[in-house]
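A short worksheet on the structure shown next.
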Amino acid sequence: MVSRTILLLIVLSFPLCIVGVVLAQESPETDENTLFTVGIGLGPAIANAVCEPCKEEKVIPGYSLRIGLGFRLGNRFIFDFGAGAWISTAQKQDPQNSRMNLLVRAYYFPFKKNRLNIIGGIGYGNYFFTPNKEAIITSSGIPTLGSVVGSGPVGTAGVGYEFKITDKLTLDPSLSFYGLLLGDLSANINDHIANKSSSIVAEAAVTLRYSVPP
């Protein structure tokens, strides 16, 4: 399953690596006026293990979801505020693993002749791990089946390309990486599980974005 997800990431991100070279022709420019935007994204993603006592896999396959509201500023910038989630593709009998975030994200289009864009953003995120049958041992040696949680600041960076479908609708494939700096992990509020750690998520997503005049 892990190798299949990695293969999907490579296949989906490959066009983004060559699009700046191949697409030398002029593409239609968007309206120079400010436009409100709504975007919904979905795609495969992988995450690293965070909680050592939870005995997670080193690389965990999953998928990402995101939705954002914002505005398009001329032909060079899109800014949006949105919510995102990474969810593991675990079976019902396996532990459940997820990451949630709220992000302010910016898309910068450096070229006039194509819609290659650079993505960056900051926000706040959460980590959740719910064991199934095997108890997790807290730092004080007490077993627990409670959900392990952690939270902290998150940042994202990536690259994408905007394909124009209509004057108002675009399809935006992208490859992004997320870094989440977590505080101490705990279960049942007071049960300490692990000290400060971090999470990295790699995502290959496709976003459908709708832009309308204010």
Side-chain angles (χ1 to χ4, degrees), residues 1-19 30 35-48 50 56-57 59-72 77-92 94-109 115-130 154-180 199-212:
M1 180 65 73
V2 174
S3 60
R4 186 181 303 174
T5 303
I6 294 174
L7 180 61
L8 276 173
L9 285 169
I10 294 172
V11 170
L12 290 177
S13 62
F14 180 72
L16 298 178
C17 298
I18 62 172
V19 72
T30 56
L35 302 173
F36 288 126
T37 65
V38 179
I40 300 176
L42 172 67
I46 54 175
N48 69 314
V50 172
E56 299 172 292
E57 297 180 30
V59 179
I60 310 165
Y63 60 92
S64 66
L65 302 164
R66 66 177 185 229
I67 183 169
L69 300 174
F71 60 93
R72 183 188 297 272
F77 292 97
I78 296 176
F79 298 95
D80 71 17
F81 173 77
W86 172 86
I87 303 170
S88 68
T89 52
Q91 303 298 320
K92 289 184 178 180
D94 296 331
Q96 301 299 307
N97 202 321
S98 62
R99 320 276 191 274
M100 308 291 177
N101 61 67
L102 293 174
L103 281 170
V104 176
R105 200 186 315 255
Y107 302 78
Y108 171 59
F109 298 82
R115 302 303 292 164
L116 187 72
N117 58 82
I118 300 169
I119 306 166
I122 56 172
Y124 196 80
N126 297 92
Y127 163 85
F128 300 93
F129 179 89
T130 303
V154 60
T156 183
V159 61
Y161 195 89
E162 181 181 69
F163 292 97
K164 188 173 183 180
I165 300 175
T166 69
D167 288 340
K168 296 181 179 180
L169 195 63
T170 60
L171 192 65
D172 306 3
S174 63
L175 176 64
S176 299
F177 295 88
Y178 298 82
L180 175 58
S199 174
I200 297 175
V201 176
E203 164 200 275
V206 175
T207 300
L208 190 66
R209 182 174 287 110
Y210 185 70
S211 302
V212 293

Side-chain donor-acceptor pairs under 3.5 Å in residues 117-124, sequence neighbours left out?
| residue | atom | partner | partner atom | Å |
| --- | --- | --- | --- | --- |
| Asn117 | ND2 | Arg115 | O | 3.3 |
| Asn117 | ND2 | Gly160 | O | 3.4 |
| Tyr124 | OH | Ser151 | OG | 3.0 |

Give, for atom [atom1] of [X] and atom [atom2] of [Y], the distance between the pair rounded to the nearest 0.5 Å.
X	Y	atom1	atom2	value
Tyr210	Leu169	OH	CG	8.0 Å
Arg99	Phe128	CZ	CZ	10.5 Å
Asn126	Leu180	CG	CG	8.0 Å
Glu56	Ser88	CD	OG	9.0 Å

Determine the sole option in Val59, Ile200, Ile60 for which the side chain to side chain contact (heavy atoms under 4.5 Å, CB included) test with Asn48 is passed.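 For Asn48, the side chain to side chain contact (heavy atoms under 4.5 Å, CB included) test succeeds with only one of Val59, Ile200, Ile60, which is Ile200.
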
Sequence-distant partners of Thr207, side chain to side chain donor-acceptor pair (under 3.5 Å), two or more places apart: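 For Thr207, the residues satisfying side chain to side chain donor-acceptor pair (under 3.5 Å) (neighbours in sequence not counted) are Arg66.
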
Residue pair [X] / [Y], side-chain heavy-atom distance below 4.5 Å:
X	Y	value
Tyr127	Asn97	yes
Ile78	Glu162	yes
Leu208	Ile165	yes
Thr156	Glu203	no
Pro173	Phe163	yes
Thr89	Tyr63	yes

Could you tell me whether Phe109 and Tyr107 have their ring centroids closer than 6.0 angstrom?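 Here the rings of Tyr107 and Phe109 have centres that are no less than 6.0 Å from each other.
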
For [X] and [Y], which heavy atoms make the closest approach, and how far apart are they?
X	Y	result
Ala45	Val201	CB-CG1, 4.1 Å
Gly125	Val154	N-CG1, 3.9 Å
Ala202	Phe177	CB-CE2, 3.6 Å
Trp86	Pro61	CZ2-O, 3.8 Å
Asp80	Gly68	OD2-CA, 4.2 Å

For Phe36, is the CZ atom crowded, meaning more than 12 foreign heavy atoms sit under 6.0 Å from it?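 No, not enclosed.
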
